[in-house]
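What follows is a short report on a single structure.
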Amino acid sequence: QVQLAESGGGLVQAGGSLRLSCVASGRTFTAYGMGWFRQAPGKERELVAAINWVGDDTYYTDSVKGRFTISRDNARNTVNLQMNSLKPEDTAIYSCAAGGTWDLPTRQTDFVSWGQGTQVTISS
């Protein structure tokens with residue numbers, strides 16, 4: 001089983017940037033794909049971005065394409081989410097998640113572990 005701990009959330013103005021990080025422990029990091037989810041009040045949890053184990057295949061939901069970049073550092077057991085040109089509608093709790101296999105996870109059912117989450121708030 002893997003443990004996940006996010007950091008980097010906060011409050012920024014629209015148009016600004018934030019970088020989220022997630023450190024994994026308890027399971028061989030290169031054995032699984034990773035992703036970032038978000039959940040806004042009153043809305044369903046949404047997969048925002050995902051990356052396969054080696055980092056050469058990624059997925060982004062349409063609303064963040066061109067603004068968000070997911071990356072991973074396997075030497076540091078870390079996955080990052082660089083968020084640029086932030087909008088008020090990006091406000092949510094962001095959680096990292098670990099997939100069940102090394103492949104690119106693109107569905108919620110592909111993920112087996114989630115972190116506690118970090119709050120991201122974008123002011124207009």
Side-chain angles (χ1 to χ4, degrees):
Q1 190 168 348
V2 61
Q3 290 77 48
L4 303 168
E6 303 95 339
S7 62
L11 170 65
V12 298
Q13 289 188 331
S17 298
L18 279 174
R19 183 177 177 86
L20 305 182
S21 294
C22 173
V23 178
S25 61
R27 182 176 154 207
T28 303
F29 189 63
T30 52
Y32 47 93
M34 295 290 295
W36 284 94
F37 285 82
R38 67 184 179 187
Q39 187 165 20
K43 294 189 176 181
E44 292 188 355
R45 184 168 60 185
E46 172 189 29
L47 176 60
V48 175
I51 191 167
N52 68 341
W53 78 275
V54 72
D56 63 357
D57 196 9
T58 56
Y59 162 87
Y60 296 96
T61 193
D62 285 346
S63 62
V64 308
K65 285 180 180 177
R67 300 189 297 123
F68 290 13
T69 303
I70 189 170
S71 62
R72 65 188 295 162
D73 183 343
N74 289 341
R76 292 188 168 92
N77 289 0
T78 301
V79 61
N80 303 303
L81 186 68
Q82 178 66 43
M83 306 186 294
N84 299 328
S85 302
L86 284 161
K87 305 175 182 180
E89 51 264 43
D90 294 319
T91 295
I93 295 174
Y94 284 71
S95 303
C96 69
T101 72
W102 50 267
D103 206 353
L104 178 67
T106 59
R107 303 167 299 178
Q108 295 213 19
T109 53
D110 291 335
F111 293 87
V112 297
S113 299
W114 279 264
Q116 297 270 13
T118 184
Q119 178 70 47
V120 171
T121 304
I122 312 303
S123 62
S124 57

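Only this structure's heavy atoms are used, side chains among them; waters, hydrogens and symmetry mates stay out.
Using a 4.5 Å cut-off on side-chain heavy atoms (C-beta onward), Gln116 and Leu4 make no contact. Between Val2 and Tyr32, the closest side-chain pair of non-hydrogen atoms falls below 4.5 Å. Counting only heavy atoms from C-beta outward, the side chains of Met83 and Thr69 never approach each other to under 4.5 Å. In this structure, the side chains of Leu86 and Phe68 come closer than 4.5 Å at one or more pairs of heavy atoms.
Tyr94 contributes atom OH, which lies 12.0 Å from atom CD of Gln39 (distance to the nearest 0.5 angstrom). In this structure, OG on Ser113 lies 9.0 Å from CE on Met34, to the nearest 0.5 angstrom. Considering CG of Asp110 and OG1 of Thr101, their distance stands at 7.0 Å, rounded to 0.5 Å. The line from CG of Asp57 to CG of Asp103 is 7.5 Å long, rounded to the nearest 0.5 Å. Atoms CD and CD, on Glu44 and Gln108 in that order, are 8.0 Å from each other to the nearest 0.5 Å.
Under a hydrophobic clustering in which Ile, Leu, Val, Met, Phe, Trp and Tyr are joined whenever their side-chain heavy atoms come within less than 4.5 Å, directly or via other members, Tyr60 and Val48 fall into the same cluster. Val12 is connected to Val64 through a chain of hydrophobic side-chain contacts under 4.5 Å among Ile, Leu, Val, Met, Phe, Trp and Tyr, so both are in one cluster.
Contact between Pro105 and Ala50 at its shortest, heavy atoms only, is O-CB, 3.1 Å. The nearest pair of heavy atoms linking Ala49 to Leu81 is CB-CD1, 4.0 Å. In terms of heavy atoms, Leu18 sits closest to Gly8 at CD2-O, 3.7 Å. Across every non-hydrogen atom of Ser95 and Glu6, the tightest pair is CA-OE2, 3.3 Å. Smallest separation of non-hydrogen atoms from Ile70 and Thr58: CG2-CG2, 3.8 Å. Taking all atoms of both residues into account, the shortest heavy-atom contact from Gly9 to Leu20 is N-CD2, 3.6 Å.
Panel note: side chain Glu46, backbone Arg38; no donor-acceptor pair is recorded below 3.5 Å. With Thr91 contributing its side chain and Ile122 its backbone, the two residues share a donor-acceptor pair below 3.5 Å. Arg76 contributes no side-chain N or O that, together with a main-chain N or O of Arg72, makes up a donor-acceptor pair within less than 3.5 Å. In this structure a side-chain-to-backbone donor-acceptor pair under 3.5 Å is present from Asn52 to Asp56. With hydrogens and angles ignored, the 3.5 Å screen pairs no side-chain donor or acceptor of Arg107 with any backbone N or O of Leu47.
Ring geometry for Phe37 against Phe111 counts as perpendicular: the plane angle is over 60°, on a 0 to 90° scale with 30° as the lower cut.
Salt bridge status for Lys87 with Asp90: absent, with no side-chain N to carboxylate O gap under 4.0 Å.
A cation-pi geometry, defined here as NZ or CZ lying under 6.0 Å from the six-membered ring centre and within 45° of its normal, holds between Arg45 and Trp114.
Note on residues 14-26: pairs passing side-chain hydrogen bond (donor to acceptor under 3.5 Å, both in side chains), not counting sequence neighbours, are Ser17-Asn84, Arg19-Gln82, Ser21-Asn80.
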